[in-house]
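This report concerns only the one structure given below.
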Number of protein chains: 2
Amino acid sequence: MPPQGATAKVTLEVIKTACSNCNLQELCLPYGLNQMELAKLDELVSTRKRLKRGEHLYRSGQPFDSIYAIRSGFFKTDVLIEDGRDQVTGFQMTGELLGLDGISSEIHTCNAVALEDSEVCTIPFALLEDLSREIHTLQKHFHKVMSREIVRDHGVMMLLGTMRAEERLAAFLLNLSQRFTARGYSPAEFNLRMTRDEIGSYLGLKLETVSRAFSRFQEEGLIAVQQKHIRILNTPGLKKLMTH
Amino acid sequence: MPPQGATAKVTLEVIKTACSNCNLQELCLPYGLNQMELAKLDELVSTRKRLKRGEHLYRSGQPFDSIYAIRSGFFKTDVLIEDGRDQVTGFQMTGELLGLDGISSEIHTCNAVALEDSEVCTIPFALLEDLSREIHTLQKHFHKVMSREIVRDHGVMMLLGTMRAEERLAAFLLNLSQRFTARGYSPAEFNLRMTRDEIGSYLGLKLETVSRAFSRFQEEGLIAVQQKHIRILNTPGLKKLMTH
DNA sequence: AATTCGCGTTGACGTGGATCAAACGCAGTC
DNA sequence: GACTGCGTTTGATCCACGTCAACGCGAATT
């Protein structure tokens with residue numbers, strides 16, 4: 001890439017990093033704020049942080065003082081217990097928040113790891129609380145975001161508690177597809193950022209089971225898999241599998 | 001019961017129903033508030049509601065406008081999906097909050113059912129938001145409560161995703177024991193308010209598996225079961241079973 | 001006291017997914 | 001271009017839990 005091209009790109013990014021100019025407004029915290037309120041939020045969210053694939057954003061046990069909004073990239077969160085067992089508790093993408101679990105005890109209770117090179121906005125939580133006492137809309141939106149996380153977790157509990165392997169994987173693919181769509185990407189074609197093992201951990205399955213389910217979906221013409229590249233060929237078919 | 005006895009009891013309850021006088025302060029929302037702040041909270045939480053065993057506090061799909069604090073009694077929450085599958089997402093006891101899931105969409109996303117005669121404080125959510133913009137401590141505490149719910153759900157996901165039947169049941173019993181203890185009841189002896197089927201649904205197991213696990217624990221001298229009555233005989237034994 | 005009903009227990013058997021094991025494919029690296 | 005290593009696929013076997021079925025028990029009803 002020619003140097004002037006690179007320079008132009010950097011400049012553009014600097015301009016765009018303000019909340020007031022962020023194209024994630026409708027996904028992230030700033031939802032529904034007016035110009036003045038956005039200006040205040042910009043001040044709050046001044047720090048940004050880049051992470052390389054594989055880097056930890058935070059680790060379980062570390063003191064909590066900020067939550068993070070993903071500007072770009074892809075993360076997983078996982079919890080680890082003494083005896084070595086661990087579980088992926090979620091995958092987070094652009095516009096989603098990380099770190100809400102740390103609010104309760106002021107200590108992070110899980111690890112957040114970048115699954116690709118990523119960038120996050122650091123939101124000091126004490127300041128967010130201050131500002132959300134001033135701005136009603138921000139308060140309301142923040143509460144909704146936390147509550148949505150609870151509802152999402154109930155969905156995962158449902159999945160883990162009542163669904164069979166193929167139903168779980170179908171639900172997982174449809175969920176990813178829907179989230180990519182909401183971000184303007186193709187609903188039918190995407191690259192998985194996580195390994196089969198991580199998918200399995202999230203879905204309460206072993207990696208072999210995940211792999212077999214992928215193969216089976218392919219045989220049945222529901223999807224086309226090639227390593228991490230997924231094309232969904234028959235969305236209704238996947239949905240029917242779920243409700244089965 | 002003699003009439004004067006009943007009268008005395010009612011009067012006492014009326015006095016005690018104010019947040020400022022509630023013996024659940026350290027479990028419920030009012031944590032850490034001063035006298036003036038408590039007085040304001042009392043105003044907010046003016047309505048109380050009694051429910052008989054089996055009654056619904058709210059149902060999935062109903063409009064959300066309040067959260068509820070349990071003054072006494074025992075609840076379960078469950079979600080039901082189209083194809084008839086359902087899952088118990090939690091059991092709630094005295095001092096715990098119900099309804100946080102409804103904040104996100106302003107519609108309840110699960111059912112809350114009383115498992116014994118119960119009484120709740122109705123907390124209009126809009127008013128809670130107003131008041132928590134005034135009272136920093138209340139805001140902070142409310143955020144912690146929501147976050148704690150997320151952490152709790154992660155624990156359940158862990159349980160459903162990685163533990164085997166007996167480990168799940170051991171974790172469940174220890175969790176109940178710990179919550180009873182926090183409320184001043186015996187850590188070792190209590191009555192289950194839910195059926196084997198409901199326990200199974202929560203733990204992602206069939207009722208027969210729950211029943212067999214109970215029997216097995218009894219054979220091994222870990223607990224004594226008699227219908228819904230449980231005595232924990234060997235807490236370390238149960239813990240070891242979990243970390244196994 | 002007999003009857004019904006909801007729950008719980010226990011046994012026999014089947015199966016979905018775990019486990020173990022081998023081989024493959026792609027991406028770096030030398 | 002061969003080498004190495006991680007992630008993935010696929011097959012064979014095993015086992016924890018689900019399923020199906022019978023029976024038991026206590027509480028409420030008559």
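When reading the values below, keep in mind they use all heavy atoms of this one structure, side chains included, and skip hydrogens, waters and symmetry mates. Chain A is the first sequence line, chain B the second, and so forth, proteins listed ahead of strands; every chain is numbered from 1.
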**OP:** Report which part of the nucleic acid B/G200 touches: base, sugar-phosphate, or nothing (heavy-atom distance under 4.0 Å, all strands).
**Re:**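 B/G200: no heavy atom of the nucleic acid under 4.0 Å.
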Original post:
Within the structure shown, what part of the strands sits under 4.0 Å from A/L205 by heavy-atom distance: base, sugar-phosphate, or nothing?
Top reply: sugar-phosphate
Original post:
Any ring-ring contact (aromatic ring centres under 6.0 Å, His included) pairs touching residues 180-201 of chain A, not counting sequence neighbours?
Top reply: A/F180-A/F190
**OP:** Look at A/T209 and C/dG17 and indicate whether a side-chain polar atom (N or O) is within less than 4.0 Å of OP1 or OP2.
**Re:** no
Which residues pass the side-chain contact (heavy atoms from CB on, under 4.5 Å) test with [X], sequence neighbours left out?
| X | value |
| --- | --- |
| A/T89 | A/T77, A/V79, B/H154, B/M157 |
| A/R179 | A/M93, A/E96, A/N175, A/L176, A/R183 |
| A/E166 | A/A213, A/R216, A/F217, A/L241 |

Side-chain atoms of residues 221-229 of chain B: list all donor-acceptor pairs with protein atoms under 3.5 Å, sequence neighbours left out, distances to 0.1 Å.
unit_1	atom_1	unit_2	atom_2	d
B/K228	NZ	B/M194	O	3.4
B/H229	ND1	B/N191	OD1	3.2
B/H229	NE2	B/E189	OE2	2.9

Original post:
To 10°, what angle do the rotation axes through the five end pairs on each side of the helix from C/dA1-D/dT30 to C/dC30-D/dG1 form?
Top reply: 30°
Original post:
Who are the salt bridge (Lys or Arg N to Asp or Glu O under 4.0 Å) partners of A/R152, not counting sequence neighbours?
Top reply: A/E149
**OP:** Tell me, please, which residues at least two apart from A/D78 pass salt bridge (Lys or Arg N to Asp or Glu O under 4.0 Å).
**Re:** A/K76
**OP:** Not counting sequence neighbours, which residues clear ring-ring contact (aromatic ring centres under 6.0 Å, His included) with B/F64? List them please.
**Re:**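 Checked B/F64 against ring-ring contact (aromatic ring centres under 6.0 Å, His included); matches are B/H108, B/F125.
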**OP:** Identify the 5'-most and 3'-most nucleotides of DNA chain D with at least one atom closer than 4.0 Å to a non-hydrogen atom of chain A.
**Re:** D/dT8 to D/dA12
Subject >> Contact letters for nucleotides 21-29 of chain C, in which S counts primed atoms plus P, OP1 and OP2 and B counts the base, heavy atoms under 4.0 Å >> reply: ---------
Original post:
Are the side chain of B/T162 and the backbone of B/M158 linked by a donor-acceptor contact shorter than 3.5 Å?
Top reply: yes
Subject >> Qualifying salt bridge (charged side-chain N to carboxylate O under 4.0 Å, His left out) pairs, either residue in residues 51-62 of chain A, two or more places apart >> reply: A/K52-A/D117
Original post:
So which one's nearest nucleotide on DNA chain C is more toward 5', B/R212 or B/T195?
Top reply: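 This one resolves to B/T195.
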Original post:
Can you check the B/F217 CZ to C/dT9 C1' distance for me, whole Å?
Top reply: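 My rounded result for the distance is 16 Å.
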Original post:
Atom CZ of B/R216 and atom P of C/dT9: how far apart are they, to the nearest Å?
Top reply: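 The answer, rounded to whole Å, is 16 Å.
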Original post:
Of the nucleotides C/dT10, C/dG17, C/dG8, which has the atom closest to the B/R196 side chain?
Top reply: C/dG8
